[in-house]
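Everything on this sheet refers to the single structure shown next.
Worth saying up front: this structure is predicted, and the values here are computed from it rather than measured. Letters A, B, ... are given to chains in the order of the sequence lines, protein chains preceding strands, and every chain is numbered from 1.
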2 protein chains.
Amino acid sequence: MQVASWNVNSIRTRLSHATDWLQTNPEVDVLCLQETKVVDADFPKAPFEELGYHVYIYGQKAYNGVALISKATLTDVRMGFGAILDEEAVGNLDEQKRVISAVLDGVRILNLYVPNGSSIGSEKYEYKLRWLALLKQYLIKTLEETTKLNVCGDFNIALENKDIYTDEKRDKHIMSSPKERETLRDVLAVGRSPMERDSLSDLLGVGLADAFRKFTDEGGHFSWWDYRAASFRRNMGWRIDHHYLSPELYEQATRCWIDVEPRKLEKPSDHTPVIVEY
Amino acid sequence: MQVASWNVNSIRTRLSHATDWLQTNPEVDVLCLQETKVVDADFPKAPFEELGYHVYIYGQKAYNGVALISKATLTDVRMGFGAILDEEAVGNLDEQKRVISAVLDGVRILNLYVPNGSSIGSEKYEYKLRWLALLKQYLIKTLEETTKLNVCGDFNIALENKDIYTDEKRDKHIMSSPKERETLRDVLAVGRSPMERDSLSDLLGVGLADAFRKFTDEGGHFSWWDYRAASFRRNMGWRIDHHYLSPELYEQATRCWIDVEPRKLEKPSDHTPVIVEY
DNA sequence: GGATATGGGG
DNA sequence: CCCCATATCC
């Protein structure tokens, strides 16, 4: 089974890229999209359905928006944190459409578009941290019912220095600040005791692990390049799109890779797909 | 010698259409562009120069703008009415960049983007009529020095009913109202006495004549189709782009035709080129 | 730099 | 319907 994650930065603008990519990647069972930037009524479902895919969407006008494109029917589709968390806990964090999840072959696929956070200390930064805190509650609840969980999407966080093209201003940069990294690490540690979190030895015991890192320790692998400053040409990228797997799935993972090709097309998204196989 | 007129509705958006068209129409000596919609500093001259053309521009930000693209060097290039008319007479009518002219092989080519006029009775309508009145003065002065004059461009006026796809609301429609037609007919009658203007018999004596009408009386030939209402597919067009020739040139004219092909391209201009040969 | 929205223009 | 401009977001 293959699951792909791709922030398309507008599904309407990137429609042919997405359908072309599915056709050249027929082994992908589920394509998780972020930043579809379209209300559900205007989502171009037909082009995917004509290729034989099922389409599950959770969108809004202009910003955010997530979708699942699947060869097989998905079950127990959930939109937003509110699907399983209390209204009170969710607060305003479902106003932005960033969470969709569903089940295929006993695996729950959770597709996320984590807030960008703008700049450290900003209101949006605080929103990002609050959002991640709620995500932790969402994961705790999800893991009560599932042992096979694939949490993927645009995390807008690079956990390790080698996931960024440069070391410059790393600590003061959005997507790599210590606080963001700590917060995400804490989120991924769901189910692990504080002591376990500090030990690298028991990675598979509980918590979620980065599928990409099962297969390589190398740096210099990126999934996002800023449109500005010719970043892609100069390979000034970041690895911020991830597949985090529950222990059982992590053990079963056979591959995880980044397909750089779509970033080379005309009018590309600034992100490129990341695929995991298990 | 061939001269083409084409309202490209943004030269930056239509750059490849324009360069492609020149390459498939190598017999065109001068391409007159309207609605270039770009300040001179940002006009994409290089792509034309790399094909061996000379570029003469008179543009502004966002609106209007005219240009001459020529295989040979042009002489006595003039921008705006103010190049030959008094400041007082011109008033504010050079604020919008709509007039460029130059000489090739003893022929003065005058490239115009006549105001659209918005709707009958509007402020813009009055501007259009005032602009045409000034054009008449400009032509009178020009004809004092030239016997070979080719006045071309987007006139935003269809002089005859057969130049429009329908008869509906013609009298109340911008581009076909009686007043606009009278005004343009009066402009074209430069040099003819009031009595001559009423006589069709002496068309070649003085004044300017429609090159396209030298070769056919047929209706249904159009140079512009509104982007809206699938006008092109339904051939709901207007012939509003013209080549008006002084008597000497009119006699020498060997062809005048509309090339509909560019209107069929992806992201086309709403206008298509009109070419005259003499 | 490229996506969105809105508003003016045709 | 498709230009442009401005503004916000990333």
For DNA chain C, whose closest nucleotide is more 5', that of B:Trp224 or that of A:Lys267?
A:Lys267
If you pin A:Asp226 and A:Thr13 to their nearest nucleotides in DNA chain C, which one's is more 5'?
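Whichever sits nearer the 5' end wins; that is A:Asp226.
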Quick one: [X] [atom1] to [N] [atom2], roughly how many Å, whole number?
| X | N | atom1 | atom2 | answer |
| --- | --- | --- | --- | --- |
| A:His271 | D:dC10 | NE2 | P | 11 Å |
| A:Glu95 | D:dC9 | CD | P | 15 Å |
| B:Arg263 | D:dC3 | CZ | C1' | 13 Å |
| B:Leu33 | D:dC3 | CG | C1' | 16 Å |
| A:Glu123 | D:dC9 | CD | C1' | 15 Å |
| A:Gln96 | C:dT4 | CD | P | 17 Å |
| B:Tyr227 | C:dG8 | OH | P | 21 Å |
| B:Glu266 | D:dC3 | CD | P | 11 Å |

Out of [options], whichever nucleotide has its closest atom nearest the side chain of [X]:
| X | options | answer |
| --- | --- | --- |
| B:Asn9 | C:dT6, D:dC3, C:dT4 | D:dC3 |
| A:Lys124 | D:dC3, D:dC10, C:dG2 | D:dC10 |
| B:Ala62 | D:dT6, D:dC4, C:dA5 | D:dC4 |
| A:Arg14 | D:dC10, D:dC4, C:dG2 | C:dG2 |
| A:Lys61 | D:dC1, C:dA5, C:dA3 | C:dA5 |

Counting only side-chain nitrogens and oxygens, does A:Arg12 get under 4.0 Å of the OP1 or OP2 atom of C:dA3?
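No, because none of the side-chain N or O atoms of A:Arg12 sits under 4.0 Å from OP1 or OP2 of C:dA3.
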Using only side-chain N and O atoms of B:Ser231, determine if any of them is under 4.0 Å from OP1 or OP2 of D:dC1.
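Negative; the distance criterion is not met.
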Would you call [X] and [Y] a salt bridge, taking side-chain N to carboxylate O under 4.0 Å as the test?
| X | Y | value |
| --- | --- | --- |
| A:Asp210 | A:Arg239 | yes |
| A:Asp163 | A:Arg213 | yes |
| B:Lys264 | B:Glu261 | yes |

Examine A:Phe212 together with A:His221 and report whether their ring centres are nearer than 6.0 Å.
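Judged by ring-centre distance (under 6.0 Å), A:Phe212 and A:His221 do meet the cut-off.
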Within 45 degrees of the ring normal and closer than 6.0 Å to the centroid, is that where the cationic atom of B:Arg263 sits relative to B:Phe232?
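B:Arg263 over B:Phe232 ring: yes.
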